[in-house]
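Down below is the structure, laid out as structure tokens.
Below, read A as the first sequence line, B as the second, and so on, with proteins coming before strands; counting in each chain starts at 1. Atom set for the values below is all heavy atoms of this structure, side chains included, hydrogens, waters and symmetry mates excluded.
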Amino acid sequence: MPDPVVTRFAPSPTGFLHIGGARTALFNWLYARHLGGRMLLRIEDTDRERSTEPAIAAILDGLSWLGLDWDGDVVFQFSRAARHREVVEGLLASGGAYRCYASPEELAEMRESARSEGRPARYDGRWRDRDPADAPAGVKPVIRLRAPQEGETAIVDQVQGRVVWQNKDLDDLVLLRSDGTPTYMLAVVVDDHDMGVTHVIRGDDHLTNGARQTQIYQALGWSVPGMAHIPLIHGPDGAKLSKRHGALGIDAYRSMGFLPSALRNYLVRLGWSHGNQEIFTDAEMVAAFDLPQIGRSPARFDAAKLENLNGHHLRETPAEQVLQAIEVILPDVGPARGLGPHLDPELRARLLASLPGLKERAKTLIELLDAAYYLYAPSPLALDAKAAAILDAPARARLAAITPALAALPEWNTASLEAAVRAGAEALGVKLGQLAQPLRAAVTGRGTSPPLFDVMAVLGRDVSMARIGAQARAEGVETTPNAA
RNA sequence: GCUCCCAUCGUCUAGCGGUCUAGGACGUCGCCCUCUCACGGCGAAAACAGGGGUUCGAGUCCCCUUGGGAGCGCCA
């Protein structure tokens with residue numbers, strides 16, 4: 001293994017970690033893990049106005065929740081400003097950069113007239129070869145790269161292929177602002193170089209930046225890292241994922257009850273494929289992932305597929321782990337549904353026992369929690385519309401009829417309950433469903449639930465009989481359907 | 001406007017010149033299973049944007065058109 005790969009995820013902390021950023025991080029992580037390399041994390045906080053502590057925390061939290069770990073310490077770009085300046089000084093000395101005294105107004109005017117004349121909107125190089133003695137007094141200059149004006153600049157991208165720009169279409173970008181702080185374009189190059197990054201994997205909105213950064217590498221005499229510009233994720237309407245589509249941070253998906261493993265699985269298949277395989281464990285993903293299988297067209301975000309995948313992962317995940325995932329989001333989502341931020345031991349045990357039946361039927365942890373309502377419902381149990389419809393007078397009469405047999409059961413478990421109810425249905429001359437459905441409605445307050453006998457077994461004799469009794473006694477009485 | 005990128009079922013995609021009467025998955029619609037709902041099983045409808053080339057042969061290569069997208073800051 002001659003050249004261990006080093007990738008990096010480099011978000012700017014100006015907002016939460018969104019779904020596109022999460023996928024970029026995942027791809028970097030997978031590529032590094034696949035090749036036994038390292039993934040670094042760098043926070044691009046050179047924009048002091050917009051970078052915030054909460055955003056940094058949200059990004060770190062999001063990555064951790066998603067299960068994407070990084071190697072080494074987090075690098076904060078702003079802390080490296082002195083190094084960035086040093087590099088620019090060198091460039092200034094070698095003639096690779098120059099001071100530009102153009103005012104913001106001049107620049108705006110330049111862009112406007114260029115556009116109106118159908119020319120590319122770019123800096124015209126007016127200070128490129130001008131005598132510094134012409135510098136207006138009192139104006140702090142920016143420092144620009146003396147970019148080549150002829151020929152072409154190409155990047156050999158592992159996803160996009162060889163992409164070429166004519167140098168005349170690229171202008172002299174700003175390296176150092178007039179206040180002496182480095183720009184993103186410069187900082188990225190210096191940091192990637194200093195950090196030993198071998199592969200830059202990022203969204204293809206950076207494709208042009210790739211060319212401009214290549215010019216900086218060349219001016220510095222540094223070797224250009226491998227690049228892979230992956231297509232962006234679009235919203236359902238085909239436009240770039242944005243606030244209009246909900247502007248969701250990764251934390252929102254957590255709160256919606258998605259499993260990290262499902263999100264990883266969904267994200268990896270957006271733009272990348274491995275034959276016909278749709279379902280991936282982490283190990284499979286790491287083993288199969290590579291850059292050549294990444295497509296070049298943007299993918300649309302499809303919530304339905306994410307939900308389906310989440311359902312699959314829910315079923316595959318052991319009950320204890322699902323329970324832990326629930327406990328992670330409970331502080332967020334518990335209080336709103338009458339659950340506290342934590343589960344008391346008794347409820348936890350009942351939930352765990354019910355999970356095999358529950359996780360089979362839910363697409364998200366939220367759905368699961370709602371379906372488990374019968375486990376934590378306050379008394380008296382509220383009936384939803386379907387349950388209320390099921391519990392008509394004949395149904396209630398059947399409940400009354402089966403009550404003695406249930407009360408007399410020596411053992412209260414799934415098998416004994418099923419035997420008793422089947423016998424009861426036969427004795428009443430009705431189909432199993434005609435008795436089971438009223439029982440389900442009485443015991444869960446819902447028209448649907450996990451298998452009835454499992455539910456009754458977990459609930460226990462006392463609770464079950466009380467709920468059945470309450471509905472049996474209400475024969476002929478109009479019930480108040482649950483408002484919800 | 002300029003530069004660059006993209007184009008297979010509604011969506012994610014397989015396809016790397018002949019095995020494509022185009023495969024899988026999600027979603028949709030039937031049927032089966034069944035104590036409900038799911039799961040699972042079986043089946044159906046559903047796509048190579050259009051036009052030119054190249055070739056014995058094109059979804060696969062080239063060009064044009066059309067349609068999407070991204071970038072064009074002293075933001076990142």
If you look only at distance, which donor and acceptor atoms sit under 3.5 Å apart when one is on a side chain in residues 447-454 of chain A and the other is two or more places apart or in another chain?
| unit_1 | atom_1 | unit_2 | atom_2 | d |
| --- | --- | --- | --- | --- |
| A:Ser449 | OG | A:Arg440 | NH1 | 2.8 |
| A:Asp454 | OD1 | A:Thr414 | OG1 | 3.3 |

Worksheet item: Hey, does the side chain of A:Arg144 come within less than 4.0 Å of B:rC74's phosphate (OP1/OP2), counting only N and O?
Response: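 For B:rC74, OP1/OP2 do have a side-chain N/O of A:Arg144 under 4.0 Å.
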
So [X], base contact, sugar-phosphate only, or nothing? Heavy-atom distance under 4.0 Å.
| X | value |
| --- | --- |
| A:Glu44 | sugar-phosphate |
| A:Thr448 | base |
| A:Ser297 | sugar-phosphate |
| A:Ser273 | sugar-phosphate |
| A:Ala102 | base |
| A:Phe453 | base |
| A:Thr46 | sugar-phosphate |

Using the ring-ring contact (aromatic ring centres under 6.0 Å, His included) criterion, which residues pair with [X]? Sequence neighbours excluded.
| X | value |
| --- | --- |
| A:Tyr31 | A:His199 |
| A:Phe301 | A:Tyr253, A:Tyr266 |
| A:Phe289 | A:Phe27, A:Trp272 |

Test side chain to side chain contact (heavy atoms under 4.5 Å, CB included) applied to [X] - qualifying residues, sequence neighbours left out:
| X | value |
| --- | --- |
| A:Ser297 | none |
| A:Val75 | A:Arg42, A:Arg80, A:Met195 |
| A:Val88 | A:Ile143, A:Leu175, A:Leu176, A:Leu186 |
| A:Pro356 | none |

Practice prompt. Decide whether a cation-pi geometry holds between A:Arg48 and A:Phe78; the criteria are a distance under 6.0 Å from NZ or CZ to the six-membered ring centre and an angle within 45° of the ring axis.
Written response: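 Yes.
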
Worksheet item: Excluding sequence neighbours, so at least two apart, what forms salt bridge (charged side-chain N to carboxylate O under 4.0 Å, His left out) with A:Asp124?
Response: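 For A:Asp124 the salt bridge (charged side-chain N to carboxylate O under 4.0 Å, His left out) partners, ignoring immediate neighbours, are A:Arg126.
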
Worksheet item: Regarding A:Asn167 and A:Thr153, is there a side-chain donor-to-acceptor distance under 3.5 Å anywhere?
Response: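 Checked: A:Asn167/A:Thr153 side chains pair up, N/O donor to acceptor below 3.5 Å.
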
Worksheet item: Among B:rA25, B:rC35, B:rA76, which is the nearest nucleotide to the side chain of A:Arg440?
Response: B:rC35

Tabulated below should be each protein N or O lying under 3.5 Å from an N or O of nucleotides 65-72 of chain B; please produce it.
| unit_1 | atom_1 | unit_2 | atom_2 | d |
| --- | --- | --- | --- | --- |
| B:rG69 | O2' | A:His234 | NE2 | 3.3 |
| B:rG71 | OP1 | A:Lys240 | NZ | 3.4 |
| B:rC72 | O2' | A:Ala121 | O | 2.9 |

Worksheet item: Going 5' to 3' along nucleotides 40-51 of chain B, which nucleotides have protein heavy atoms under 4.0 Å from the base (write B), which only from the sugar-phosphate (write S), and which from neither (write -)?
Response: S-----------

Worksheet, complete the sentence: Whether each nucleotide of nucleotides 26-34 of chain B has a protein heavy atom under 4.0 Å at its base (B), only at its sugar-phosphate (S) or at neither (-) is summarised, 5' to 3', as SS-------

Discussion item. Going by purine N1 to pyrimidine N3 plus the second Watson-Crick contact, or the G-U wobble pair, all under 3.5 Å, which nucleotide sits opposite B:rC26?
Written reply: B:rG10

Fill in: First encountered from the 5' end of RNA chain B, between A:Pro182 and A:Asp454
A:Asp454

Worksheet entry | 5′-ward residue of the pair A:Arg269/A:Val164 relative to RNA chain B |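 Whichever sits nearer the 5' end wins; that is A:Val164.
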
